[in-house]
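Worksheet: the structure to be examined is printed underneath.
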Amino acid sequence: MSLIPNFGASRVGRQFWVPFGEEDRLGFGSVQRINQTLKVSRFSEDGIFDISPSTLSYSRKVAKEPNVRLNVRDENSGRGIDVVRPSDILAYDLVQGAHVRWSYILDKSVCDPPPTAVLLHGILGCRKNWGTFARRLAHEFPTWQFLLVDLRCHGDSAAIKKSGPHTVASAALDILKLLGKLRLTPRVVVGHSFGGKVALSMVDQVAKPLGRPVRVWVLDATPGKVRAGGDKEDHPFELISFLRTLPKQVASKRDVVVALERQGFSKDVAQWVVTNLRESSPSGSSPSSFSWVFDLNGIAEMYQSYEETNLWKIVEDVPRGVHVNFLKAERSLHRWALEDLQRIHVAEKLAADEGSGVEMHVLEDAGHWVHADNPDGLFKILSFSFQGIYK
């Protein structure tokens with residue numbers, strides 16, 4: 001039986017009207033459909049599904065009443081079952097190709113959702129880092145959809161309270177729970193830097209054997225020891241430590257950029273970091289102020305876990321049906337020791353004999369920020385994962 005009851009939406013013309021109070025439980029993140037745009041967002045000026053040939057949007061007013069969690073009763077057992085919304089787990093966007101006709105809310109009866117890829121950001125990042133690239137993928141591969149998430153303690157997920165420890169493994173488990181709630185089994189998982197280890201941890205924790213083949217991409221990260229940047233590169237640990245010394249509210253983004261540059265961080269990284277600042281003062285008020293959207297204490301714990309987590313066991317004994325791809329950025333070779341390359345080369349041979357796969361790729365003309373430095377090259381390398389049997 002379905003544990004999600006009929007919420008009694010009524011249709012008027014081309015709109016679905018949802019009873020107030022039920023709309024909050026639906027808990028969508030954001031959905032964007034390329035060419036035939038599908039957008040679903042959490043916040044609203046009114047409480048409707050608005051369906052048209054070009055858009056489907058969902059939003060809601062903030063309720064004045066206390067938020068009450070829906071408790072659904074199993075008719076057979078008589079026991080109350082707590083229903084958790086997907087957006088109670090992590091904040092996310094779902095970018096869909098033009099040929100995708102599926103949604104978590106409207107298509108509960110669909111047994112086989114479209115092929116799905118998960119895109120994971122790095123430390124101090126957010127799901128928006130992948131937005132442009134995901135839309136390009138969805139345009140080129142219109143039968144696919146792409147799930148972008150804010151990891152715990154990052155972006156909009158920072159407002160979702162998580163119990164510790166904040167680790168690579170707990171971040172991976174969050175995503176597995178979200179996928180289970182959305183009833184999605186990804187065909188491809190792409191993780192940049194910290195997100196790459198999260199992707200490997202997902203493979204480590206998921207039930208075996210896998211129901212279908214999956215390709216995992218680890219972008220400019222190794223399974224084991226984390227090596228800091230070179231003399232002219234930014235060091236994440238030092239960056240996190242310095243950000244923790246700044247006030248939680250600042251007068252301007254420019255002040256933060258200047259402070260970071262004075263500490264020796266690059267202008268590019270400084271400008272990227274301040275994208276995590278949001279205006280906290282009322283609109284139009286003076287003076288303005290900004291606050292951080294992330295949880296720096298939690299992120300510091302996550303980065304420590306990133307340095308300590310060793311997932312070579314997944315690479316050197318890849319589960320059947322899993323293909324692990326490592327991508328090394330040409331200009332960040334300091335992150336890769338000769339030992340790493342040799343172990344991956346050996347793992348390639350072992351995996352081929354066991355019916356799985358390990359491959360190494362190099363992205364030319366790119367530093368650590370691969371999807372910003374050389375998006376065309378990265379797109380070309382990743383594209384074969386969405387072709388053939390994966391299409």
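- Counting heavy atoms from C-beta on, the side chains of Phe294 and Ile240 never come closer than 4.5 Å.
- Judged by distance alone, with hydrogens and angles left aside, the side-chain atoms of Ser291 form no donor-acceptor pair with the main-chain N or O of Ser280 at under 3.5 Å.
- Residue His361 qualifies as enclosed at atom NE2: its count of foreign heavy atoms under 6.0 Å is above 12.
- Arg320 places none of its side-chain heavy atoms less than 4.5 Å from the side chain of Lys208.
- Under the 3.5 Å distance criterion, the side-chain polar atoms of Lys162 are matched with a main-chain donor or acceptor of Ile89.
- Without hydrogens or angle criteria, Gln96 side chain to Pro142 main chain gives no donor-acceptor distance under 3.5 Å.
- Residues Gln205 and Ser201 have side chains that bring a donor and an acceptor to within less than 3.5 angstrom of each other.
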| task | Please step through side chain to side chain donor-acceptor pair (under 3.5 Å) for the pair Asp255 and Ser252, ending with a clear verdict. | result | CA-CA 5 Å; Asp255 290 346; Ser252 74; 3.2 Å; yes
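- A donor-acceptor pair is defined here as one N or O able to donate and one able to accept, closer than 3.5 Å; no such pair exists between the side chain of Glu261 and the backbone of Ser266.
- Residue Asp295 holds its CG atom at 9.5 Å from NE2 of His154, rounded to the nearest 0.5 Å.
- Put simply, CG on Leu378 and CG on Leu219 are 6.0 Å apart, with the number rounded to the nearest 0.5 Å.
- Looking only at side-chain heavy atoms (C-beta outward), Ser289 and Glu279 stay at 4.5 Å or farther from each other.
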| field | Residue pair Lys128, Asp150: steps toward the salt bridge (Lys or Arg N to Asp or Glu O under 4.0 Å) verdict | value | CA-CA 8 Å; Lys128 293 180 181 179; Asp150 283 341; over 6 Å; no
| Under the side chain to side chain contact (heavy atoms under 4.5 Å, CB included) criterion, do Val188 and Phe386 qualify, and how do the steps go? | CA-CA 8 Å; Val188 176; Phe386 308 104; 4.0 Å; yes
| request: Given side chain to side chain contact (heavy atoms under 4.5 Å, CB included), test Phe146 with Phe133 step by step and report yes or no. | output: CA-CA 10 Å; Phe146 301 87; Phe133 197 87; over 6 Å; no
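- A side-chain donor-acceptor contact under 3.5 Å links Lys197 to the backbone of Gly224.
- With hydrogens and angles left out, the side-chain atoms of Asp220 and His368 include a donor and acceptor closer than 3.5 Å.
- Minimum interatomic distance between Val198 and Ala172 (heavy atoms only, all atoms of both residues): O-CB, 3.6 Å.
- Side chain of Glu330 to main chain of Ala366: no donor-acceptor pair is present (N/O by atom type, distance under 3.5 Å, no hydrogens or angles).
- Hydrophobic clustering, with ILVMFWY side chains joined whenever heavy atoms are under 4.5 angstrom apart, groups Tyr303 together with Val269.
- Side-chain N/O atoms of Trp217 and Ser385 include a donor and acceptor closer than 3.5 Å.
- Connection of Phe265 to Leu277 is established within a shared hydrophobic cluster, with ILVMFWY side chains joined at heavy-atom distances below 4.5 Å, either directly or through further cluster members.
- The backbone N or O of His99 sits nowhere less than 3.5 Å from a side-chain atom of Thr143 that would complete a donor-acceptor pair.
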| message | Go through it in stages, so that I can follow the logic: the residues are Leu179 and Leu182, the test is side chain to side chain contact (heavy atoms under 4.5 Å, CB included), and I'd like the CA-CA distance, side-chain angles, deciding distance and then a yes or no. | response | CA-CA 5 Å; Leu179 289 167; Leu182 294 172; 5.6 Å; no
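- Residue Asn129 comes nearest to His121 through the heavy atom pair OD1-CB, 3.9 Å, listed as atom of the first residue, atom of the second, then distance.
- Look at Asp340 and Lys225 and you find no salt bridge, because none of the NZ, NE, NH1 or NH2 atoms lies under 4.0 Å from a carboxylate O.
- Ring centroids of His192 and Trp369 are separated by less than 6.0 Å, placing the two rings close together.
- Scanning both residues, Cys153 and Ile299, for their nearest heavy atoms gives O-CD1, 3.5 Å.
- Note that CG of Asp204 is 4.0 Å distant from CD1 of Ile314, once rounded to the nearest 0.5 Å.
- With a 4.5 Å cut-off on side-chain heavy atoms, Val206 and Met202 do not count as touching.
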| Yes or no on side chain to side chain donor-acceptor pair (under 3.5 Å) for Ser383 and Gln387, after CA distance, side-chain angles and deciding distance? | CA-CA 7 Å; Ser383 288; Gln387 299 168 345; 5.2 Å; no
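- The backbone N or O of Pro165 sits less than 3.5 Å from a side-chain atom of Ser170, completing a donor-acceptor pair.
- Following chains of ILVMFWY side-chain contacts shorter than 4.5 Å, one can reach Trp272 starting from Ile123, so the two form part of one hydrophobic cluster.
- Minimum interatomic distance between Ser157 and Ala91 (heavy atoms only, all atoms of both residues): OG-N, 2.9 Å.
- Side-chain contact between Phe384 and Arg215 is present, with at least one heavy-atom pair separated by less than 4.5 Å.
- Distance CZ/Arg343 to CG/Leu338: 12.5 Å, rounded to 0.5 Å.
- Note on Val274 and Leu296: same hydrophobic cluster, where clusters join Ile, Leu, Val, Met, Phe, Trp and Tyr whose side-chain heavy atoms are under 4.5 Å apart, directly or indirectly.
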| request: Assess whether side chain to side chain contact (heavy atoms under 4.5 Å, CB included) is satisfied between Val273 and Trp292, documenting all intermediate values. | output: CA-CA 10 Å; Val273 166; Trp292 298 104; 3.8 Å; yes
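- A donor-acceptor pair is defined here as one N or O able to donate and one able to accept, closer than 3.5 Å; no such pair exists between the side chain of Arg254 and the backbone of Ala251.
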| message | salt bridge (Lys or Arg N to Asp or Glu O under 4.0 Å), that's the test. Do Arg136 and Asp376 meet it? Break it down for me. | response | CA-CA 10 Å; Arg136 182 177 178 181; Asp376 292 341; 2.7 Å; yes
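- Of all the heavy atoms in Val315 and Ala347, the pair that sits closest is O-CB, 3.5 Å.
- Of all non-hydrogen atoms in Arg85 and Lys181, the two that sit nearest each other are C-CG, 4.3 Å.
- With respect to Leu147, the side chain to side chain contact (heavy atoms under 4.5 Å, CB included) criterion is satisfied by exactly one of Leu178, Ile175, Asp93, Leu120: Leu178.
- Other residues, nucleotides and ligands place no more than 12 heavy atoms under 6.0 Å from the CZ atom of Phe237.
- Gln145 and Thr116 share a donor-acceptor pair across their side chains, judged by distance under 3.5 Å alone.
- At most 12 non-hydrogen atoms from other residues, nucleotides or ligands lie less than 6.0 angstrom from NZ of Lys177.
- Checking side-chain atoms of Asn276 against main-chain N and O of Leu124 turns up a donor-acceptor pair under 3.5 Å.
- When side chains are defined from C-beta on, Thr167 does not count as touching Thr309, because their heavy atoms never get closer than 4.5 Å.
- Side-chain atoms of Thr185 and Arg212, non-hydrogen and from C-beta on, do get closer than 4.5 Å to each other.
- Both Leu243 and Val257 belong to a single network of hydrophobic side chains, linked directly or stepwise wherever heavy atoms of I, L, V, M, F, W or Y lie under 4.5 Å apart.
- Between Trp130 and His371, the distance separating the two ring centers is shorter than 6.0 angstrom.
- Around atom NZ of Lys248, no more than 12 heavy atoms belonging to other residues, nucleotides or ligands sit under 6.0 Å away.
- Looking only at side-chain heavy atoms (C-beta outward), Phe290 and Lys253 come within less than 4.5 Å of each other.
- Using a 4.0 Å cut-off between charged side-chain N and carboxylate O, Asp156 and Arg127 make a salt bridge.
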